[in-house]
Amino acid sequence: MTEKTTKSLLYLDGVSVSFDGFKALNSLSFIVEPGELRAIIGPNGAGKTTMMDIITGKTRPDAGAVFFKGDIDLTKKDEAEIAQLGIGRKFQKPTVFESHTVWDNLELALNRSRGVFATLFYRLTGEDKARIEEILTTVRLTARRDDLAANLSHGQKQWLEIGMLLAQEPELLLVDEPVAGMTDAETAETAVLLKEIARTRSVVVVEHDMGFIRDLGVKVTCLAEGSVLAEGSIDFVSNDPKVIENYLGR
Amino acid sequence: MITSFLIKSLDRTIVVTVAILLVLAALVPALNLLTAPDHPLHVPTYLVSLFGKYLTYALLALALDLVWGFCGILSLGHAAFFALGGYAMGMYLMRQIGARGSYGNPLLPDFMVFLNWKELPWFWYGFDMFWFAALMVVLVPGLIAFVFGWFAFRSRVNGVYLSIITQAMTYALLLAFFRNDMGFGGNNGLTDFKDILGFNIQADGTRAALFAASALALAVSLVITSGIVRSKFGKVLVALRDAESRTRFLGYRVEHMKLFAFTVSAMMAGVAGALYVPQVGIINPGEFEPGNSIEVVIWTAVGGRGTLIGPIVGAILVNGGKSIFTAAFPEFWLFALGGLFVLVTLFLPKGVVGTAQHYLARRRAYRETSRPENATGLADAEPLAAE
């Protein structure tokens, strides 16, 4: 193991994966430091979602190394293990448990023992209750705690999902297009919330909305055709001629 | 730990249903045994056994509902677990016959003497003891479900594919049990039972006791199922039913959750089968017929899947209908059953009980919002009432 891997939280080196001959990721290398908030942009098919699939164990890479916290090899673990290690993921389409109440959604997400018998005999402790109430306040859903998640508006579902990620207490949070379909006001609020969350953990955000990324004001990585095209501040990346040709110019 | 699990399981519907079952367990045998045959309230023995049979069907449907209604596993092979439990009980009952069989062999059941077997196969050992047979009634279906589920859920077989292999499983068991050299009586199965726990199996008292045992088993299973469904584990089951991969990304081992529910469900089905066999007096490979498992799905759908009372109501309604219908128009029952399934799927997707619950909940919500002192809550509740 090199010196570099032990310091970073997430370390991808030379990761390649292809589906039916199409190279979704082509020798992608990418590092996230502890406490970093990182934005990822790129045209459709650049491999943004595939990269998240690989980090969370949904897809296995054909080649390359993926390490978490220095020496944990993520390519050898499945989704549940990786989630328990402290990597949370928010999907593009809000996926909350629609036939459960807002409260139950958060209770399920809470970072507690997740075995069969632990859940079978689980009792809501005062501590867990306080934690859920705190998250409800953060995501502004206290008034709707007993409503079914199915009855929430689109924006509220996104917020509930962010609340569920908070309940999971991950060290690394992967967020796929958090503001898709949100109003401008909601988008601005989400930027504030994400910055807030990034104070205590690392966050990787995939987003198309350039205004939103400017709001975040963080280091940006531009992907294209499965590898890193450019990396740096938003101004640096958006002035890069390769980025303009591949992504912004279109 | 266990107490809080049980207390959580009891809500009003469950308490009422358990109370009804307990009253039935006492009342029906009393009316059968203590009243004269010409008394207006007398329950004839054939009805006691018939309703006892319905209760075991209800237990089977409840078991299916745990995996189908709450966990999304459409098992088309649940009657196999029922039949396995039935065979375990049947083996005990065969050994109780002893030397009273047609061939008078004190050790070997008649069909083995007929096949010219000289000694008892090893897997028949121990079945002369009731406790051993009772253990096998839950262990054998549980073990088969565990092994089957272990492979199926680990390889993430889902949806239609899973349903098809459960169907294949019950069909494979059907073919296996048909073979004479399997040692389970082949085509004829196990029958001609004489005693259970030393009591004559034909006697009114035994029949009444079997009815009471079926009602009790259903009540106990209802409490256990309700406890499972209302625990956090039950919430995880519903979560993985609706969004399996999301549940995985929350860190839950979906395959373990499913495996536990599937195994518990198979054990309950086994108990149902074990209570069924002494009441109908026979168990044969026909019980593994794929059609039987599909019927269980229909009972559950008619009653309302995802509700606990639904499958019980559905099993009793459909089987009651079947008893009446097959007596009146024997050729048309299957058409009626198929038609019923289509109608329920089209017009009552939540089943009888599910639809009734939905209607009551809507009426309650409507009444609450129309009360003036609740006017502040109006804005929130409006979409629900306007549905």
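Residue numbers start from 1 in every chain, and the chains themselves are labelled A, B, ... in the order their sequence lines are given, proteins ahead of strands. From a predicted model like this one, the values you see are computed outputs, not experimental measurements. Both backbone and side-chain heavy atoms feed into the values below; hydrogens, waters and symmetry mates do not.
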S.K.: Considering the options Leu240(B), Val238(B), Thr247(B), which one meets the side-chain contact (heavy atoms from CB on, under 4.5 Å) requirement together with Phe97(A)?
M.R.: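 Single side-chain contact (heavy atoms from CB on, under 4.5 Å) partner of Phe97(A) among Leu240(B), Val238(B), Thr247(B): Thr247(B).
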
S.K.: Could you state the interatomic distance from NZ (Lys232(B)) to CZ (Arg123(A)), rounded to the nearest 0.5 Å?
M.R.: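 That separation rounds to 14.5 Å.
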
S.K.: Which residue out of Thr95(A), Leu124(A), Leu108(A), Asn111(A) racks up the most heavy-atom pairs below 4.5 Å with chain B?
M.R.: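 The option with the most such pairs is Leu108(A).
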
S.K.: With respect to chain B, which residue among Val116(A), Leu85(A), Leu165(A), Thr56(A) yields the maximal number of heavy-atom pairs within a distance under 4.5 Å?
M.R.: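 That would be Val116(A).
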
S.K.: Which pair of heavy atoms, one from Gly251(B) and one from Gln84(A), lies closest together, and at what distance?
M.R.: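 Gly251(B) and Gln84(A) have their closest heavy atoms at O-NE2, 2.5 Å.
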
S.K.: Between Met164(A), Glu107(A), Lys58(A), which shows the greatest number of heavy-atom pairs under 4.5 Å with chain B?
M.R.: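 Top option by heavy-atom pairs under 4.5 Å: Glu107(A).
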
S.K.: How about Phe19(A): does its CZ atom have over 12 heavy atoms from other parts shown lying under 6.0 Å from it?
M.R.: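 Count over threshold, so yes.
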
S.K.: Report which part of Arg241(B) has an atom under 4.5 Å of a heavy atom belonging to chain A: side chain, backbone, both, or neither.
M.R.: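 Interface part for Arg241(B): side chain.
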
S.K.: With no hydrogens and no angle check, is any side-chain donor or acceptor of His256(B) less than 3.5 Å from a backbone partner on Gly115(A)?
M.R.: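 No, His256(B) side chain to Gly115(A) backbone: no donor-acceptor pair under 3.5 Å.
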
S.K.: Measure the shortest side-chain to side-chain distance between Met257(B) and Thr119(A) over non-hydrogen atoms and say whether it is less than 4.5 angstrom.
M.R.: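 Heavy-atom side-chain distance check passes, below 4.5 Å.
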
S.K.: Does Lys157(A) have more than 12 heavy atoms from other residues, nucleotides or ligands lying within 6.0 Å of its NZ?
M.R.: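 Count over threshold, so yes.
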
S.K.: Calculate, to the nearest 0.5 Å, the distance between atoms CD and CZ belonging to Glu79(A) and Arg246(B) respectively.
M.R.: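 Nearest 0.5 Å value for the CD-CZ distance: 12.5 Å.
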
S.K.: Which residues pass the ring-ring contact (aromatic ring centres under 6.0 Å, His included) test with Phe70(B), sequence neighbours left out?
M.R.: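 Counting only residues at least two positions away or on another chain, Phe70(B) forms no ring-ring contact (aromatic ring centres under 6.0 Å, His included).
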
S.K.: Would you name the heavy atoms of Leu250(B) and Ala83(A) that are closest together and state the gap between them?
M.R.: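 Here Leu250(B) and Ala83(A) meet closest at C-CB, 3.9 Å.
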
S.K.: So, Asp78(A) and Arg248(B), do they make that salt bridge, N to O below 4.0 Å?
M.R.: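 Arg248(B) and Asp78(A): not salt-bridged.
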
S.K.: Evaluate whether atom CZ of Arg363(B) has more than 12 neighbouring non-hydrogen atoms of other residues, nucleotides or ligands under 6.0 angstrom away.
M.R.: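 Atom CZ in Arg363(B) is not crowded, with 12 or fewer foreign heavy atoms closer than 6.0 Å.
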
S.K.: Determine yes or no for a side-chain-to-main-chain donor-acceptor pair under 3.5 angstrom, with Gln168(A) supplying the side chain and Phe249(B) the backbone.
M.R.: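 Indeed, once roles are kept as given, a pair shorter than 3.5 Å links the two residues.
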
S.K.: For Phe260(B), is it the side chain, the backbone, both, or neither that has a heavy atom closer than 4.5 Å to a heavy atom of chain A?
M.R.: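 For Phe260(B), side-chain heavy atoms alone lie under 4.5 Å from chain A.
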
